[in-house]
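Proteins get letters first, then strands, A, B, ... in listed order; numbering begins at 1 in each.
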2 protein chains.
Amino acid sequence: MRRDSRLSGVLHVLLHMAQQPGPFTSETLAKAMDTNPVVIRRIMAGLRQLGYVRSEKGHGGGWTLACDLSKVTLRDVYAALGSPSLLAMGNRTEAPGCLVEQAVNAALDQAFYDAEALLLSRLGEVTLAMLGDDLRKRLGSRKIHHIGAHGA
Amino acid sequence: MRRDSRLSGVLHVLLHMAQQPGPFTSETLAKAMDTNPVVIRRIMAGLRQLGYVRSEKGHGGGWTLACDLSKVTLRDVYAALGSPSLLAMGNRTEAPGCLVEQAVNAALDQAFYDAEALLLSRLGEVTLAMLGDDLRKRLGSRKIHHIGAHGA
DNA sequence: CATCATGTAACATACAAAGTTACATGAGGC
DNA sequence: GCCTCATGTAACTTTGTATGTTACATGATG
């Protein structure tokens, strides 16, 4: 099944924004993500509503981080996307009359629920600040590659 | 994202088959699952290859269970479907050059991997026989509703 | 008031599961 | 032998959702 990459995408954007100051236009971010500005605005909309980022119109406008990165977890970001379903598999029927199906659902639901809970828990343990720290380690002595730095 | 219900579906079929003897035609099973015979054949193909079921052509033909239900786990059935991806989310890029993306992927991969492992482990703990026992409990004093029992 | 940037609707594309049609293959029953 | 039944499979259609694109309204800046 095709996999939803919005969480991956929006984290990428946020982490890039954390590396340098100043507002970023949707177009700049879109170039860095190799996608379309409208897609950026779409996935950022939920973050704005929760106050994690701000957006300004007009000259000098764009997106700005507006939160304490050490207080926002990957789970928060996931929630900002509208908490899309985490699992690629589900029950054929949610409230079946058939007892056979009920037995099947009960078994699968248990496993599914546990896996979802674990995943959410793991996402809740990682803050954006921790991601930033990890990135800095990876950068090592290397110079940070600021987005939009090479003209274009 | 739309959820893959093949595992749920094939378990439903297997559990129905465990409730009564004799071969079942794809059409009979399809009626019980409210779907198409070809869909049944499709999801049963993997199970046949692994020897969990057999199929016979011609008069009196159809599908038959061919395994020890206490030895086959939900994980085995999942594998028989070709081990489709379990998670609805994934990384935007698998082997990115961008260090930012690498940092994001590393964090997400960890969480994703743990959740998948837990789910597989849970599925591996449940056998088809256990599902059957649970079903019998649910049936209680009620009479089993054999598929195809009401004419039609 | 011209330009820039977001906000959003509307439409197009890509892709996988699910459903359908068509026909080949092979196993009885007569 | 031949008809019928049932699987096996390819090809096509439908559907749902993420993604991509176009178009235009809104508002801020110089």
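The side chain of A:Ser5 contributes an N or O atom lying less than 4.0 Å from OP1 or OP2 of D:dT19. Contact annotation: B:Ser26 does not reach the phosphate of D:dA6 (side-chain N/O to OP1 or OP2, under 4.0 Å). Considering only side-chain N and O atoms, A:Arg48 lies under 4.0 angstrom from the phosphate OP1 or OP2 of C:dT8. Dashed line: the shortest gap from a side-chain N or O of B:Ser55 to OP1 or OP2 of D:dT7 is not under 4.0 Å.
Once rounded to the nearest 0.5 Å, the distance linking OG1 of B:Thr25 with CZ of B:Arg41 reads 8.5 Å. For the atom pair A:Cys67 SG and A:Leu128 CG, the distance stands at 6.0 Å (nearest 0.5 Å). From B:Leu7, atom CG reaches atom CZ of A:Phe112 across 6.0 Å, with rounding to the nearest 0.5 Å.
Environment of CD in B:Glu125: crowded, with over 12 heavy atoms of neighbouring residues, nucleotides or ligands closer than 6.0 Å. Remark: B:Glu94 CD is packed, more than 12 non-hydrogen atoms of other residues, nucleotides or ligands lying under 6.0 Å away.
A straight line from CD of B:Glu27 to P of D:dC5 spans 11 Å, rounded to a whole angstrom. Note: CD (B:Gln49) to P (D:dG8) measures 11 Å, nearest angstrom. Atom pair B:Leu81:CG and C:dA16:P shows a separation of 17 Å (rounding to whole Å applied). Rounded to whole angstrom, the span from the CG atom of B:Leu29 across to the P atom of D:dA6 amounts to 12 Å. When rounded to the nearest whole Å, the span between CG of B:Leu47 and C1' of D:dT7 equals 15 Å. As rounded to whole Å, 11 Å separates atom P of C:dA18 from atom CG of B:Leu7. Atom CZ in A:Arg92 sits roughly 13 Å away from atom C1' in C:dG19 (whole-Å rounding).
For the 3.5 Å distance criterion, the side chains of B:Ser8 and B:Ser5 fail to qualify, holding no donor opposite an acceptor.
At least one side-chain heavy atom of B:Tyr78 sits less than 4.5 Å from a side-chain heavy atom of B:Ser83.
In summary, A:Lys137 and A:Asp134 do not engage in a salt bridge, as defined by a charged side-chain N under 4.0 Å from a carboxylate O.
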Audit row: A:Val72, A:Thr127, side chain to side chain contact (heavy atoms under 4.5 Å, CB included) steps and yes/no | CA-CA 5 Å; A:Val72 177; A:Thr127 65; over 6 Å; no
Reading 5' to 3' through nucleotides 20-30 of chain D, protein heavy-atom contacts under 4.0 Å coded B for base, S for sugar-phosphate only, - for none = BBB---BBBB-
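Residue contacts for A:Arg54: at a heavy-atom cut-off of 4.0 Å it reaches no nucleic acid atom on any strand shown.
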Below 3.5 Å between N/O atoms, which protein atoms pair up with nucleotides 14-17 of chain D? Just atom names and distances, please.
unit_1	atom_1	unit_2	atom_2	d
D:dT15	O2	B:Arg2	NH1	2.7

